[in-house]
Amino acid sequence: MPRDNTSRVESAASLPGTRRLSLQALPRRFYARDTELVARDLIGRVLECTRDGVTCRGLISETEAYLGEHDPACHAAVGRTARTAGLYGPPGTAYVYFIYGMHWCVNAVTRAEGLPSAVLIRGVLPLHGVEAMRRRRVEGRTPPLASARSSRVVADQALADGPGKLCRAFGIDGPTHHGVDLVRGTALRILRGAPVDDARVMVTPRIGISKAVDWPLRWVLRPGQ
DNA sequence: TCAACGATTTTCT
DNA sequence: GAAAATCGTTGAG
């Protein structure tokens, strides 16, 4: 276990507007609120995953809210099934699902147990464990994706700027992380980090969906200052 | 049992 | 900008 895993703050001086980030886990009550509030408030927080003795951390830069059975784009729109059962779990747990036959995506379950809603974490800015992220992004490739062209260096900022990419980079997958407690667990947590001002956050419709395409439920950290 | 689709990413043209 | 890669989940028959 890396020694710095026990530190309470982490410097992120290279990230505009963020200097010292709290490394305490967000409390349960953070998640037990309206999903839109949680999605907005997760911007600037820190996703942490410890796997194979390596801890990776990233500043959450993009989220989407999925509101429950009445949200046509939410998995819970089909009701409670084996797949969606995790959405009905306690707030502050992880809902991890497999998509397009090759990608894992990670969500934080929100509101109260029995109310199926969650926040999809779509992107983070790497803070810690960048070497492990780079290695996983390359190792995970299979032919023909592992062509000579694809071996080019990926910019650090692009290591985890999509929901599938961040799971690959952080080593997050369903068998390991679906249903884990983000509050009291150790494998996968979300830390307090540093809340950001509204001026630094954009709101847009969700992307990559075919239903409720105009609902403004995506929050993005503005690049730069 | 089977076909269609999907909260995506990457490569090639 | 288009298309491939790839498989779990869902719903129809």
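Numbered from 1 within each chain, the chains take letters A, B, ... in sequence-line order. All values derive from a computational prediction rather than experimental measurement.
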Check the distance between C:dA3's P and A:M102's CE and give it to me in whole angstrom. 17 Å

Are A:R206 and A:D214 close enough for a salt bridge, meaning some N to O gap below 4.0 Å? no

Using whole Å, report how far NZ of A:K211 lies from P of B:dC5. 11 Å

Tell me whether the count of non-hydrogen atoms from other residues, nucleotides or ligands lying under 6.0 Å of CZ in A:R33 goes above 12. yes

For A:F98, which contact category applies under a 4.0 Å heavy-atom criterion: base, sugar-phosphate, or nothing? sugar-phosphate

So, is A:R137 near the phosphate of B:dT10, with a side-chain N or O under 4.0 Å from OP1 or OP2? yes

Is the A:W104 ring parallel, tilted or perpendicular to the A:F98 ring (thresholds 30°, 60°)? tilted

Between A:R206 (CZ) and B:dG6 (P), how many Å, whole number? 14 Å

Donor-acceptor pair under 3.5 Å: do we get one between A:Y97's side chain and the base of B:dA7? yes

Between C:dT10, C:dT6, B:dT9, spot the one nearest the side chain of A:V78, thanks. C:dT10

What nucleic acid atoms does A:L120 come within less than 4.0 Å of, heavy atoms only: base, sugar-phosphate, or nothing? base

A:W104 atom CH2 is separated from C:dA5 atom P, nearest whole Å, by 22 Å

Does NZ or CZ of A:R28 come closer than 6.0 Å to the centre of the six-membered ring of A:Y31, within 45° of the ring's axis? no

Output the single nucleotide from B:dT8, B:dA7, C:dT10 whose closest atom is nearest the side chain of A:Y95. B:dA7

Below 4.0 angstrom from OP1 or OP2 of B:dA7, is there any side-chain N or O of A:H75? yes

Expressed as a whole number of angstroms, how long is the span from A:I99:CD1 to B:dC5:P? 14 Å

Tell me the interatomic distance from A:R83, atom CZ, to C:dT9, atom C1', rounded to whole angstroms. 6 Å

A:A158 or A:S210: which one's nearest nucleotide on DNA chain B is closer to the 5' end? A:S210

Closest listed nucleotide, where the reference is the side chain of A:T81 and the choices are C:dT10, C:dA5, B:dT9: C:dT10

Pair A:R189 + A:D181, salt bridge at N-O below 4.0 Å: no

Applying the Watson-Crick and G-U wobble criteria at under 3.5 Å, what pairs with B:dA7? Answer none if nothing qualifies. none

